[in-house]
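One structure below.
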There are 2 protein chains.
Amino acid sequence: MYNVSNADGTVGKAIQVLDQVASFRRPVRFSELLANSPFPKPTLYRLVQTLSNQGMLAFDPERQTYSMGIRLVRLAHSAWRYSSLVPVARPYIEALAAKVGEAVHLAQLDNGHVLFVDKCKATDHFETLAQAGKIAPGYCTGVGKAILAFMPEVEQNRALDQQSYTAYTPFTLTNRAALMTEIAQIKEDGFAYDREEHEQGIISIACPILNGQGRVVGAVSIATSTNRYTIKNLEKQRPNLMRSANLIGAEAELWQVPIWN
Amino acid sequence: MYNVSNADGTVGKAIQVLDQVASFRRPVRFSELLANSPFPKPTLYRLVQTLSNQGMLAFDPERQTYSMGIRLVRLAHSAWRYSSLVPVARPYIEALAAKVGEAVHLAQLDNGHVLFVDKCKATDHFETLAQAGKIAPGYCTGVGKAILAFMPEVEQNRALDQQSYTAYTPFTLTNRAALMTEIAQIKEDGFAYDREEHEQGIISIACPILNGQGRVVGAVSIATSTNRYTIKNLEKQRPNLMRSANLIGAEAELWQVPIWN
DNA sequence: TTTAAGTGTCTCAAATAATGAAACTCGGTT
DNA sequence: AACCGAGTTTCATTATTTGAGACACTTAAA
């Protein structure tokens with residue numbers, strides 16, 4: 001997934017195993033891993049052992065299963081707290097959530113996927129890693145499309161290739177051509193909409209966050225339900241949303257998107 | 001920190017580097033890492049390169065600094081969502097928070113340190129240091145002492161050795177002997193108190209979570225401020241707290257503490 | 001302009017760690 | 001009792017990692 005071409009030695013393989021375990025979303029047996037693994041048995045065995053020793057995986061000796069280790073949570077906290085957009089953006093998205101009274105999301109792009117790094121619900125706003133860390137597809141979310149639209153062309157192409165174009169709802173854009181048309185529109189407009197493309201009944205308006213060099217570093221969105229809002233009504237939030245995005249962008253002027261984005 | 005003795009090959013070294021970068025809590029230059037690294041220059045160089053390629057570190061080419069990569073956030077989300085106590089404990093701590101009207105914390109022990117894995121605030125009256133993914137010392141927090149007290153002796157000893165015994169406040173227990181006395185008391189009593197030992201003005205009552213085999217898998221606490229509660233008043237919450245801890249423990253019967261805990 | 005010092009990057013033979021076919025355990029079946 | 005399958009270990013082979021040192025490149029002082 002990352003650097004499919006060159007496997008980056010043993011460390012790369014180990015991380016590949018981490019990804020594999022994560023993809024199961026449940027404790028997994030060695031044999032299950034082995035069945036879907038490019039590595040021969042003893043190699044995989046040693047990798048999971050090492051990772052377990054290190055606390056990156058957790059081994060349950062009773063059931064003989066592996067799951068993700070808590071050490072990751074600790075490491076990720078650091079990433080989240082000191083190297084994502086969160087520290088810069090927090091005050092602005094909180095203010096925005098309070099003002100519009102709807103959920104506000106902050107996302108970055110991680111290898112073609114939208115990674116939600118923060119979320120403020122106007123009501124109870126203490127969610128942390130709960131929502132943060134969640135991933136969603138880029139092609140059918142407001143934040144995803146907003147980021148995609150403003151990416152440099154080479155990276156954009158790569159990202160567009162990585163989308164699955166699965167139809168989550170009848171409104172999902174299910175091919176690259178359709179997405180590209182939409183993206184051209186978004187680039188012109190400056191805003192992206194999620195018209196129930198990912199989840200039925202959920203709509204959002206998103207705006208890219210551009211840093212001082214005009215590089216897209218993430219996106220903010222206001223998400224709501226079709227019970228309370230229509231796209232037309234959401235459009236009225238454009239000034240609020242844009243102001244917040246600009247403020248975050250200005251402050252993130254010196255913040256850099258990691259090179260592998 | 002983990003397995004200081006045996007370095008687990010290249011993968012172990014790479015993870016050591018991740019820890020080191022995390023410990024800076026800010027973007028860090030290669031030379032800074034090198035200065036505190038056991039590895040020779042080219043080795044460290046290749047490690048950070050590999051980790052950056054993999055998205056575990058993020059390299060800022062402008063400032064030539066490394067910080068934690070967002071890929072970690074994604075991986076950690078998996079750990080948090082599917083392998084911590086959180087999925088089991090969520091409903092109970094939410095109910096408890098609603099009932100007592102104070103912040104409830106859920107913690108696990110990660111290599112001698114308290115790792116807060118979840119938190120429910122009933123209201124917004126005060127800010128603790130605690131947030132999901134955040135770590136705190138074991139020896140001066142309610143949850144930490146509760147877990148330590150009920151650990152098997154061998155692991156307990158190891159954990160007690162790992163504590164720093166820094167005096168965060170005048171009330172902090174600053175040596176192993178004092179902590180051991182306290183721990184004996186806690187084991188007898190079944191409850192641990194934080195009497196402003198970590199943060200001035202913040203007190204808590206904590207209860208260990210024991211699984212079906214009587215093994216401690218974490219702890220729950222009710223944390224509050226000295227403005228609203230005294231330790232005496234907190235004691236009245238013992239039945240509520242214990243009930244929640246027992247319910248979580250029962251459900252986590254089959255949940256296993258990772259072997260490296 | 002030159003010299004020097006500090007960083008980051010690259011080279012290559014030597015040292016070491018990773019590899020994987022095959023063999024071995026150890027439950028639970030047939 | 002023999003078989004099977006999942007997990008674990010062995011060990012000679014192979015490939016990767018290693019690290020002293022050399023090389024760029026930038027900045028700072030001479």
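Lettering of chains follows the sequences in order, A, B, ..., and the numbering in each one begins at 1. The figures that follow rest on heavy atoms only: side chains count, while hydrogens, waters and symmetry mates do not.
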Whole angstrom is fine here: how far is it from [atom1] in [X] over to [atom2] in [N]?
X: B:Leu47; N: C:dA17; atom1: CG; atom2: P; value: 14 Å
X: B:Phe39; N: D:dG19; atom1: CZ; atom2: P; value: 9 Å
X: A:Asp60; N: D:dG7; atom1: CG; atom2: C1'; value: 15 Å
X: A:Asp8; N: D:dA15; atom1: CG; atom2: C1'; value: 16 Å
X: A:Phe30; N: D:dG5; atom1: CZ; atom2: P; value: 16 Å
X: B:Leu44; N: C:dT9; atom1: CG; atom2: P; value: 11 Å
X: B:Gln49; N: D:dT17; atom1: CD; atom2: P; value: 12 Å

I want to check a possible cation-pi pair here: A:Lys145 against A:Tyr139, using under 6.0 Å from ring centre and within 45° of the ring axis as the test.
no
Of B:Val28, B:Ile15, B:Leu33, which is the lone residue that meets side chain to side chain contact (heavy atoms under 4.5 Å, CB included) with B:Gln20?
B:Leu33
Tell me, yes or no, whether the heavy-atom count around B:Arg25 atom CZ, taken from other residues, nucleotides or ligands under 6.0 Å, exceeds 12.
no
Listing, residues 37-47 of chain B side-chain donor-acceptor contacts under 3.5 Å, not counting sequence neighbours, or none:
residue : atom : partner : partner atom : Å
B:Ser37 : OG   : B:Phe39 : N            : 3.1
B:Tyr45 : OH   : B:Gln49 : OE1          : 3.1

Write down the protein N/O and nucleotide N/O pairs, taken from nucleotides 26-30 of chain C, whose separation is under 3.5 Å; answer none if there are no such pairs.
none

A:Arg29 side-chain proximity, nearest of D:dT8, D:dT17, D:dG7
D:dG7
Does the side chain of [X] get closer than 4.0 angstrom to OP1 or OP2 of [N] through an N or O atom?
X: A:Lys13; N: C:dT19; value: yes
X: A:Tyr45; N: D:dT9; value: yes
X: B:Thr10; N: C:dA18; value: yes
X: B:Thr43; N: D:dT17; value: no

Note: [X]-[Y] ion pair, threshold 4.0 Å (strictly below):
X: A:Asp8; Y: A:Lys13; result: no
X: A:Arg71; Y: B:Asp19; result: yes
X: B:Glu153; Y: B:Arg158; result: no

Applying side chain to side chain contact (heavy atoms under 4.5 Å, CB included) to B:Phe116 and B:Ile135, what does each step give before you reach the verdict?
CA-CA 6 Å; B:Phe116 287 101; B:Ile135 60 164; over 6 Å; no
Using a cut-off of under 3.5 Å, enumerate the N/O to N/O pairs linking the protein to nucleotides 20-25 of chain D.
none

Side chains of B:Gln163 and B:Arg176: donor-acceptor distance under 3.5 Å anywhere?
no
